[in-house]
There are 2 protein chains.
Amino acid sequence: MPDILDDAERLCAQNGVRLTPLRRRVLELVAGSKAPVKAYDLLSRIDQSNANAKPPTVYRALDFLMEAGLVHRVEALNAFIACPQAGHGHAAMLYVCEDCANVTEVQGARPGQDNKPDGFAVKRSVIEHYGKCIDCR
Amino acid sequence: MPDILDDAERLCAQNGVRLTPLRRRVLELVAGSKAPVKAYDLLSRIDQSNANAKPPTVYRALDFLMEAGLVHRVEALNAFIACPQAGHGHAAMLYVCEDCANVTEVQGARPGQDNKPDGFAVKRSVIEHYGKCIDCR
DNA sequence: GTTATGGATGTAATAACATAACAAAATGAA
DNA sequence: TTCATTTTGTTATGTTATTACATCCATAAC
Ligand SMILES: [Zn+2]
Ligand SMILES: [Zn+2]
Ligand SMILES: [Zn+2]
Ligand SMILES: [Zn+2]
């Protein structure tokens with residue numbers, strides 16, 4: 001995972017935000033997991049290096065990392081993944097294997113585009129767009 | 001909401017599953033809400049008619065209703081909506097207004113299709129496909 | 001009508017996920 | 001140094017969801 005962490009350092013420096021040791025450690029744990037990681041799993045793993053970690057510790061770090069575009073939340077799993085193309089602006093599309101828990105992230109929430117990974121068989125999709133309706137603009 | 005409940009009765013009869021008074025009541029509450037409803041809100045409202053209601057009461061009813069295609073879960077809100085086209089097979093696409101909480105459900109998870117409601121401004125999208133990857137087939 | 005059967009509901013407890021509120025410490029600028 | 005801001009620590013609690021087991025109820029066979 002050196003790439004992801006190095007990219008993260010660069011990206012945070014560019015954007016004038018601070019990738020503190022704690023945040024870096026959480027990113028390291030998320031990036032080091034093949035499957036999406038749960039917040040409380042992070043909490044128990046971070047404990048090895050930081051005995052004081054409590055739920056807010058990890059949720060705050062995750063909030064920062066998501067804000068920075070380094071981590072995504074997998075809504076239907078209450079779990080988190082490291083973004084492989086940190087800093088991309090647009091929405092990500094995730095293909096989650098229910099057997100091996102592997103996640104493939106592709107770009108292109110744009111209509112008319114569907115970069116489905118080779119051979120992936122979709123069983124169920126979660127598609128939710130959030131914003132403002134015409135009446136509330 | 002007579003339409004939704006009548007349709008539900010019909011659909012359940014067709015499929016040989018039982019829309020019991022409890023399940024019907026939960027569907028009624030979900031369908032009667034303009035905004036997505038939380039499970040524990042249902043729990044407190046159902047209480048008027050069923051003083052014994054506990055969390056499993058409502059979660060079981062919701063599981064049944066989702067299985068029957070009558071209700072959808074809004075993943076990013078931990079909430080539920082009644083399906084306006086009960087029994088449709090394919091995935092639904094939801095447009096959720098963050099101001100008024102109104103939800104528009106459109107069909108067409110098919111690639112190349114995007115039936116965005118008129119004037120809706122998307123701020124953030126959740127797109128998650130679940131299934132089997134090529135290695136697990 | 002009685003009796004098995006399976007499905008539905010009741011009930012208690014707890015697990016899993018997430019945030020509020022305030023205190024202390026660390027950082028960086030004036 | 002002093003000050004303001006951000007980050008982290010800490011305690012408590014709020015919110016969402018499930019497990020496990022008991023009871024009830026509808027249906028159909030006998
Ligand atoms: Zn990404
Ligand atoms: Zn797989
Ligand atoms: Zn629907
Ligand atoms: Zn609106």
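Chain naming here is simple, since letters A, B, ... match the order of the sequence lines and numbering starts at 1 in each. Since the structure is predicted, the reported quantities are computational estimates derived from the model, not experimental observations.
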Given [options], the nucleotide with the shortest approach to the side chain of [X]:
{"X": "A:Pro56", "options": "D:dT18, C:dA8, D:dT10", "result": "D:dT10"}
{"X": "A:Asn78", "options": "C:dA12, C:dA18, D:dA17", "result": "C:dA18"}
{"X": "A:Arg18", "options": "D:dT19, D:dT7, C:dA8", "result": "D:dT7"}
{"X": "A:Asn50", "options": "C:dT11, D:dG9, C:dC17", "result": "D:dG9"}
{"X": "A:Thr20", "options": "D:dT7, D:dT11, D:dT18", "result": "D:dT7"}
{"X": "A:Asn52", "options": "D:dT7, C:dA12, D:dT10", "result": "D:dT10"}
{"X": "A:Thr57", "options": "D:dT10, D:dT16, C:dT19", "result": "D:dT10"}

Could you state the [atom1]-[atom2] distance from [X] to [N], rounded to the nearest angstrom?
{"X": "B:Lys38", "N": "C:dA18", "atom1": "NZ", "atom2": "C1'", "answer": "11 Å"}
{"X": "B:Leu65", "N": "C:dT9", "atom1": "CG", "atom2": "C1'", "answer": "15 Å"}
{"X": "B:Asp63", "N": "D:dT16", "atom1": "CG", "atom2": "P", "answer": "16 Å"}
{"X": "A:Tyr59", "N": "D:dT11", "atom1": "OH", "atom2": "C1'", "answer": "17 Å"}
{"X": "A:Arg23", "N": "C:dT27", "atom1": "CZ", "atom2": "C1'", "answer": "12 Å"}
{"X": "A:Leu43", "N": "C:dA15", "atom1": "CG", "atom2": "P", "answer": "16 Å"}
{"X": "A:Lys54", "N": "D:dT13", "atom1": "NZ", "atom2": "C1'", "answer": "15 Å"}
{"X": "A:Leu62", "N": "D:dT8", "atom1": "CG", "atom2": "P", "answer": "13 Å"}

Option from A:Val26, A:Val37, A:Leu27 for which side chain to side chain contact (heavy atoms under 4.5 Å, CB included) with A:Val71 holds: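 Exactly one pass, corresponding to A:Leu27.
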Less than 4.0 Å between a side-chain N and a carboxylate O, is that true for A:Arg10 and A:Asp7?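 Salt bridge flag = yes for A:Arg10 with A:Asp7.
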Check: A:Arg60 side chain, D:dG9 base, donor-acceptor under 3.5 Å: yes
Distance-minimising heavy-atom pair for A:Ala76 and B:Tyr130: CB-OH, 3.3 Å
Less than 4.5 Å apart, side chain to side chain, heavy atoms only: is that true for B:Leu42 and B:Leu62?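 Side-chain contact under 4.5 Å: yes.
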A:Lys123 atom NZ: more than 12 heavy-atom contacts under 6.0 Å: no
Taking the nucleotide of DNA chain C with the closest heavy atom to each, which residue, B:Leu22 or B:Pro55, is nearer the 5' end?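 Closest to the 5' end, via its nearest nucleotide, is B:Leu22.
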Using a cut-off of strictly less than 4.0 Å, decide whether B:Arg73 has a side-chain nitrogen or oxygen near OP1 or OP2 of D:dA17.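 For B:Arg73, the contact criterion (side-chain N or O under 4.0 Å from OP1 or OP2 of D:dA17) is met.
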Whether B:Tyr40 stacks on the six-membered ring of D:dT16 base, 5.5 Å and 30° limits: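 Ring-base stacking flag set for B:Tyr40 and D:dT16.
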